[in-house]
Amino acid sequence: MARPRGSVRPRERPSGDAPRSKKPGKDKEEAARRSSKDKKSKASRKVKTLKTETCENEMEDFARAPGHVSVKAETEDGDFVAEKKGRKRVRENEPACSTSTLKKRKKVKEGEEDVGDDGKRAEKMQKKIIKKPKEEKAEQPVSSKRKKTKEEIEAAKLLKMKMKEEEEKQRWRWWEEEKYEDGVKWKFLEHKGPYFPPEYQPLPDNIKFYYNGEAVKLSQAAEEAALFFAQMLDHDYTTKDVFRNNFFRDWRKEMSLDERMLITDLNNCDFGELFRMHREKVEARRNTSKEDKQVIKEANQKIMEEYGYCMLDHHRERIGNFKIEPPGLFRGRGDHPKQGMLKKRLQPEDIIINCSKESQIPEPPAGHKWKEVRHDNTVTWLASWTENVQGSCKYVMLNANSKLKGEKDWEKYEVARRLKVCVQQIRAQYKQDLKSKQMSIRQRAVALYFIDKLALRAGNEKEEGETADTVGCCSLRVEHIVLHPELDGEHNVVEFDFLGKDCIRYYNKVPVTKKVFKNLKLFMNNKEGGDDLFDCLNTSMLNKYLTSLMPGLTAKVFRTYNASITLQEQLKDLSNMSDNQPEKLLSYNRANRAVAVLCNHQRAPPKTFEQSMANLQAKIDSRKEQLALAKSELKQAKKEVKTSSDGKQQAVVEKKKKAVQRCEEQLLRMEIQATDREENKQIALGTSKLNYLDPRISVAWCKNMEVPLEKIYNKTQRDKFAWAIDMTDLDFFF
DNA sequence: AAGTGAACTTAGGACGCGACCT
DNA sequence: AGGTCGCGTCCTAAGTTCACTT
């Protein structure tokens, strides 16, 4: 086990630190630094020889795998439970916040010793509730403002309903139609082509760029690039060497010969006036009057009307990204080797148009031509171009609420449901394969175990130096895991620490089976930190194998499957029909959160998080005082009823009772909100909701729980999932 | 069977706006 | 009336997968 441990991973985090937070940047950078350390050994890793070694003699016999393992059994020994571990993980890693806020928050959670125990909490909450409000709106205090516009509100409501109905009538119910033959995506496609950003406006004469203290009038191309840089001056990208060097190199390419001769050092450049002009423009935009804003809005609307839609098989469909990406400086994520490079302005000559032959072919802007017009109905894009920084293709495609996207989405979940019926067999198989004599099969088994249990991404190989150094399952390197035979009372713990997609850190400590642990030891034998953990495996081999087990099965299907099944199970466990609506929604969010944790969907904690938490706490405190007051008033009123036999007094008691009740409900709702927000600090729910959770699970849950769907899905999401909303009954089961 | 490119999904951050509060 | 805050939308980068080529 020769691992240059100390040299490769100089970690050991103070316990209060936030290992999973990505914002502090330090973690990210540290991890990036760490992983870029053995660049040399990484060079060797690119040349991957996929020989099939035998490992017969290297490994002692493993205990027999259980022949057939049910999901339930797995759950019992904690193997496939995402929720508990995941949540705990996040909590453990919560950054230290000031003790006072901590104390305050403790108060919110009064009476809940174990925050992780949802069942108990739900029970307690339930006890606290006096009565469930029937109609949320009805119990709102009637303010004078409300009274005034009551009729108007009614009218607006009615109008809304009508619009909704109208929209519903217009909706293309494509899911009720027959599918096209294989490969054909449309029969007719017509659109206006993409919308180009406005031309560059040269600087006014009073705004100057200075080199070595002297004003220099730049050529238009060089000036535009200079402005891109100046606009980012308040960002710390512009202080990074990689960014500056990339920018300067590309900028010089835009310069005239004379300019290139003169401007040889970025440090001698003074963008001050350009920067100030930019700041003023931003300021002016912020101060635009309401009327002007309205004008701009209407202009945008018009552009949207004209370019934002297409006709696809007789139906008007929204386009997702009809605007051509404006030029600027490339901002990759994380430690991107290409950050700062110039993203060029696209011309119609760069754009390929795709549409029906017999359609009205879009006109290129005056004086221009398209690169090409083609009529390929086996693809879904309307326009495409090659982007100059990475050299990859980009596309104009339809909005998520379109038939083309919806159908694909639906299909994705159907594939995941098919996995459900054979997942147990697949699991049993990869458990067997952990003992295979062939190294490649063993590695495949361990990789699959990770992908299934931890919802890791496949992990394609990436070209070094082209992108930030991030990995997925198959591209994990030895330096990304640490094996602990024993850790915190658990055996065979694997500690993961690597940067995944978008340079989001994945940090997790997971107990694994003995066989997996031993295999990992074997894989790491005689390797250095920068070497591939799975040197006999890649994603295409893995996916090839998976497809042979079930048509359509690839690594990412496991993510979809495990996400959706987790949601379904969590919803079943957490929610009760007897809960009131806020509680039900909290349960839903928690189920959603379990999935987000499983899939490692993180977000930067909102900048104003601490403040807004404190504000909410203050509101809760004042509400508590109000409640106490209301209670004592009620008591007083009750007393008076007894002494005086006045009928009026009874009414007063009733009134006070109602006040107390209302106070309690409001307090409860706020407390739930606080809990929800706190738990959500670093977790992004949107990604899983939009991409991994079969919407039919949520629709069925809403129907069963009698929760309005609007509480779960906003308008955009309801549009995207229209197919699911329409077809799902109460008894849907993923 | 490795390499490459096309096509499509998944991802987090920036930003603006409107709801809500003071 | 003015300020705050959270949500929704936009933006585009960064993945996965598959087909094709050599």
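Chain A is the first sequence line, chain B the second, and so forth, proteins listed ahead of strands; every chain is numbered from 1.
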Point to revise | No-H, no-angle donor-acceptor pair, A:K405 side chain to B:dT9 base, under 3.5 Å | key: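 No.
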**Study point:** Pair A:E283 + A:R286, salt bridge at N-O below 4.0 Å
**Key:**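 A:R286 and A:E283: salt-bridged.
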Exercise for review: Determine the contact category for A:K501: base if any of its heavy atoms lies under 4.0 Å from a base atom, sugar-phosphate if only primed atoms, P, OP1 or OP2 are that close, otherwise nothing.
Suggested key: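 Counting heavy atoms under 4.0 Å across all strands, the contact made by A:K501 includes a base.
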Review point. Hey, does A:K408 reach any base, or is it just sugar-phosphate, or nothing, if we go heavy atoms under 4.0 Å?
Key: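 Sugar-phosphate contact only - A:K408 comes under 4.0 Å of backbone atoms but never of a base.
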**Study point:** A:D694 CG - B:dT9 C1' separation (whole Å)
**Key:**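 Taking atom C1' of B:dT9 as the reference, CG of A:D694 is at 16 Å.
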Exercise for review: Ignoring the backbone of A:M397, work out which of B:dC17, B:dT9, C:dT16 is nearest its side chain.
Suggested key: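 Given the options B:dC17, B:dT9, C:dT16, the side chain of A:M397 is closest to B:dT9.
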Review point. When all nucleic acid strands are considered with a 4.0 Å heavy-atom cut-off, which category describes A:N460: base, sugar-phosphate, or nothing?
Key: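 The answer is base, as A:N460 lies within the cut-off (heavy atoms under 4.0 Å) of a base atom.
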Check your understanding: Which whole-number value in Å describes the distance from A:N399 CG to B:dT9 P?
Key ->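 Distance, rounded to whole Å: 12 Å.
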Point to revise | Rounded distance in Å - CZ (A:R603) to P (B:dA14) | key: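 Checked: the CZ to P distance equals 13 Å.
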Exercise for review: In whole angstrom, give the distance that lies between atom NZ of A:K297 and atom P of B:dG16.
Suggested key: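 Rounding to the nearest Å, NZ of A:K297 and P of B:dG16 are 14 Å apart.
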Point to revise | Comparing A:K544 and A:L690 on DNA chain B - which has the more 5′ nearest nucleotide | key: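 Between the two, 5'-proximity favours A:K544.
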Check your understanding: Want to settle it: does A:R333 or A:T380 sit nearer the 5' end of DNA chain B, counting the closest nucleotide to each?
Key ->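 The answer here is A:T380.
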Point to revise | Selection from B:dT10, C:dG8, B:dA6 that lies nearest to any side-chain heavy atom of A:C393 | key: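 Between B:dT10, C:dG8, B:dA6, the one nearest the side chain of A:C393 would be B:dA6.
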Exercise for review: Look at all strands and tell whether A:K185 reaches a base, only sugar-phosphate, or nothing, counting heavy atoms closer than 4.0 Å.
Suggested key: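 Sugar-phosphate only.
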Check your understanding: With a 4.0 Å cut-off on heavy atoms, is A:A555 in touch with a base, just the backbone sugar-phosphate, or nothing at all?
Key ->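 Sugar-phosphate, no base atom in range.
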